[in-house]
Amino acid sequence: MALVCHTGLACRAWGAQTRTRDGRGKEDRGRGSCKLVERFAHNAQAGQHNSRSITKKWTAMAAQTTTKQVAENSAESALLEALIGVQGRGRSASKQQLQEIAEAVSALEAEGGVPNPTASSLIEGRWQLIYTTRPGTASPIQRTFVGVDAFTVFQEILLRSTDNSRVANIVKFSEKIGELKVEAAATIESGQRILFRFDKAAFTFKFLPFKVPYPVPFKLLGDEAKGWLDTTYLSPTGTLRISKGNKGTTFVLQKTLDPQQRLLQAISAKGDVEKEIEELVRLNPITNTTDFSAFAGKWRQLWSSQAAEANWLQKATSGIPNWQIVEGKTGRFENLVRFLPGFQLRAKAQSEEVSKQRLEVKIEGVDLEVGPFCIPFKITAAGYTDLLYLTEKIRITKGNRGSIFVHCREQDSD
């Protein structure tokens with residue numbers, strides 16, 4: 001978080017007066033201010049796991065092709081757009097986000113995609129899970145792993161390319177740690193449905209020369225080890241799939257993530273965020289990024305790089321939940337840093353367009369809000385912000401001292 005529009009400049013605090021938010025009160029001068037499974041899940045959420053390996057050039061080229069193909073299908077684009085900013089593969093989605101996703105899924109299912117998907121070679125291969133619903137009947141693996149953004153979840157399908165048809169669910173913890181693979185024998189029941197029966201599972205750790213069996217006796221589970229998977233939509237390009245399981249779960253998967261999804265995954269997994277930003281900036285879909293109407297609203301900060309010359313306040317609030325609120329008509333900015341409920345810092349600034357990508361920013365003051373009380377600080381600064389990338393959901397900016405910020409638009413604009 002950079003204090004209001006991320007100018008990154010040192011600020012001068014001249015003093016403050018204490019008052020209640022409604023203007024009452026007296027003035028006073030202020031001063032500047034399974035246990036192995038559980039362990040992996042906990043560590044990932046605490047940011048203990050590092051990034052995956054660097055993607056090769058041909059992968060990025062394939063992703064560009066995928067993005068273009070998906071863009072040609074407005075219904076697919078609507079689904080992918082609705083999924084941007086949804087954390088935990090749906091675990092923390094708002095009611096509005098869930099509704100938008102459900103509507104986009106229904107539109108694609110009505111459209112149909114590839115007929116009889118189980119008969120198509122496009123269904124085979126490794127698919128990455130990007131969203132799932134969570135009914136109460138979800139499996140222990142789904143409840144434990146799927147909602148952890150630091151893990152990558154895949155599904156492999158091999159049907160007609162082998163005599164031994166298989167379906168496998170894979171949870172990749174990180175490149176340095178390893179993965180859990182749960183496998184099932186598969187048969188095709190219809191043009192949409194695959195029947196499966198889980199028969200083996202194991203952890204593969206990079207630091208061990210052998211596999212560690214997953215402690216589930218599939219042979220003793222009987223029908224509990226069986227299930228089915230319906231593919232309700234398969235993209236004609238073979239890059240997007242919607243499936244529904246026998247426990248009522250809906251899955252959205254991609255073979256190759258588009259650049260925006262790759263950026264969000266890199267942020268979640270603490271990967272090479274700068275590399276993904278560079279790719280997105282190169283693909284910037286608009287020219288006049290400083291059009292205030294284009295980026296008005298409430299933006300939640302997802303990631304920031306702190307340049308060496310960033311001011312102390314920016315560094316101090318890095319990693320704390322914060323938002324930037326932009327007024328489309330006036331060009332006014334507000335940065336909100338929420339330390340705790342009822343304890344937050346609100347900074348205000350005015351901006352002015354100086355080029356197609358640059359805004360001049362002047363900080364006008366900062367308020368420390370504690371419950372019903374507001375302590376204003378006379379903090380002033382000036383600088384600029386370059387807008388590097390902007391879509392309906394994602395915004396990337398760079399401050400004049402070199403810090404870079406990634407924001408995601410939220411529906412709530414208050």
Side-chain angles (χ1 to χ4, degrees), residues 34 36-45 47-53 55 59 63 66 79-80 83-93 101 105 123-135 137-158 166-184 186 194 196 198 200-206 214 216 227 229-231 239-258 260-271:
C34 130
L36 178 65
V37 169
E38 292 173 351
R39 190 180 74 210
F40 277 130
H42 172 76
N43 288 344
Q45 289 168 326
Q48 299 295 316
H49 297 304
N50 293 323
S51 64
R52 62 198 189 287
S53 60
T55 307
T59 306
T66 299
L79 175 57
L80 295 178
L83 289 171
I84 291 176
V86 175
Q87 295 179 311
R89 300 179 186 88
R91 187 172 193 168
S92 59
I101 294 168
V105 166
I123 199 173
E124 301 206 16
R126 174 173 280 209
W127 295 84
Q128 183 167 336
L129 181 68
I130 58 175
Y131 173 80
T132 177
T133 57
R134 281 171 175 76
T137 55
S139 68
I141 291 178
Q142 183 180 344
R143 290 195 299 268
T144 305
F145 293 121
V146 171
V148 182
D149 280 324
F151 298 160
T152 309
V153 182
F154 300 97
Q155 185 174 78
E156 286 183 349
I157 297 179
L158 296 174
R166 308 286 290 174
V167 173
N169 295 330
I170 301 165
V171 180
K172 190 172 184 177
F173 305 119
S174 75
E175 290 291 341
K176 292 183 178 180
I177 294 179
E179 66 183 30
L180 167 64
K181 186 173 186 179
V182 183
E183 300 182 58
I194 299 171
F196 61 85
F198 289 114
K200 63 180 179 178
F203 292 95
T204 301
F205 296 119
K206 299 290 185 179
Y214 184 66
V216 175
L229 185 70
D230 283 349
T231 295
T239 57
L240 183 67
R241 173 166 64 93
I242 300 172
S243 292
K244 295 188 177 181
N246 56 291
K247 293 188 176 182
T249 309
T250 297
F251 306 93
V252 179
L253 308 98
Q254 280 187 292
K255 272 190 179 172
T256 304
L257 297 186
D258 65 77
Q260 285 190 132
Q261 291 288 352
R262 291 209 315 271
L263 170 63
L264 297 177
Q265 180 177 298
I267 291 172
S268 298
K270 301 186 182 303

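Heavy-atom basis, side chains included; hydrogens, waters and symmetry copies ignored.
Rounding to the nearest 0.5 Å gives a distance of 10.0 Å between CG of Asp258 and CG of Leu263. With rounding to the nearest 0.5 Å, the separation of OG1 in Thr256 from CD in Gln128 is 9.5 Å. Summarising the geometry, atom OG1 belonging to Thr239 is positioned 10.5 Å from atom CG belonging to Leu257; distances are rounded to the nearest 0.5 Å. Between the CG atom in Asn169 and the CD atom in Glu156 there is a gap of 9.5 Å [rounded to 0.5 Å].
With sequence neighbours left out, the ring-ring contact (aromatic ring centres under 6.0 Å, His included) criterion links Tyr131 to no other residue. Legend: residues meeting salt bridge (charged side-chain N to carboxylate O under 4.0 Å, His left out) with Arg166, ordered by chain and number and at least two apart, are Glu183, Asp199. Residues passing the salt bridge (charged side-chain N to carboxylate O under 4.0 Å, His left out) test with Lys255, sequence neighbours excluded: none.
For the pair Thr152 and Arg89, the tightest heavy-atom approach, listed with the atom from each and the gap, is CA-NH2, 3.6 Å. Shown here for Gln260 and Ile84, the closest heavy-atom pair between the two residues is NE2-CD1, 2.8 Å. Between Leu264 and Gly85, the shortest heavy-atom contact is CD1-N, 3.6 Å. Ala202 approaches Leu180 most closely through the heavy-atom pair O-CD1, 3.4 Å. Closest non-hydrogen pair, Gly245 versus Phe251, comes out as N-CE1, 4.0 Å. Minimum heavy-atom separation, Glu175 to Lys206: O-CE, 3.2 Å.
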**Prompt:** Could you walk me through whether Ile170 and Val153 pass the side-chain contact (heavy atoms from CB on, under 4.5 Å) check?
**Reply:** CA-CA 6 Å; Ile170 301 165; Val153 182; over 6 Å; no
**Message:** Run Val216 and Val182 through side-chain contact (heavy atoms from CB on, under 4.5 Å) and show every step you take.
**Reply:** CA-CA 10 Å; Val216 175; Val182 183; over 6 Å; no
**Message:** What verdict does the side-chain contact (heavy atoms from CB on, under 4.5 Å) test give for Leu83 and Gln254, after you've listed the backbone C-alpha separation in whole Å, the side-chain angles of each residue and the deciding distance to 0.1 Å?
**Reply:** CA-CA 12 Å; Leu83 289 171; Gln254 280 187 292; over 6 Å; no
**Request:** Could you walk me through whether Phe196 and Asn246 pass the side-chain contact (heavy atoms from CB on, under 4.5 Å) test, one step at a time?
**Result:** CA-CA 11 Å; Phe196 61 85; Asn246 56 291; 4.0 Å; yes
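Of the possible polar contacts, none joining the Thr250 side chain to the Thr133 backbone as a donor-acceptor pair under 3.5 Å is found.
Test Leu240, Leu80, Thr132 against Val252 for side-chain contact (heavy atoms from CB on, under 4.5 Å) and you get one pass: Leu240.
Phe203 and Phe173 have parallel rings, their planes meeting at less than 30° on a 0 to 90° scale where 60° marks the start of perpendicular.
Taking 4.5 Å as the limit, every side-chain heavy atom of Thr204 sits out of range of all side-chain heavy atoms of Lys181. Put simply, the side chain of Leu129 does not reach to within 4.5 Å of the side chain of Gln155, judged on heavy atoms.
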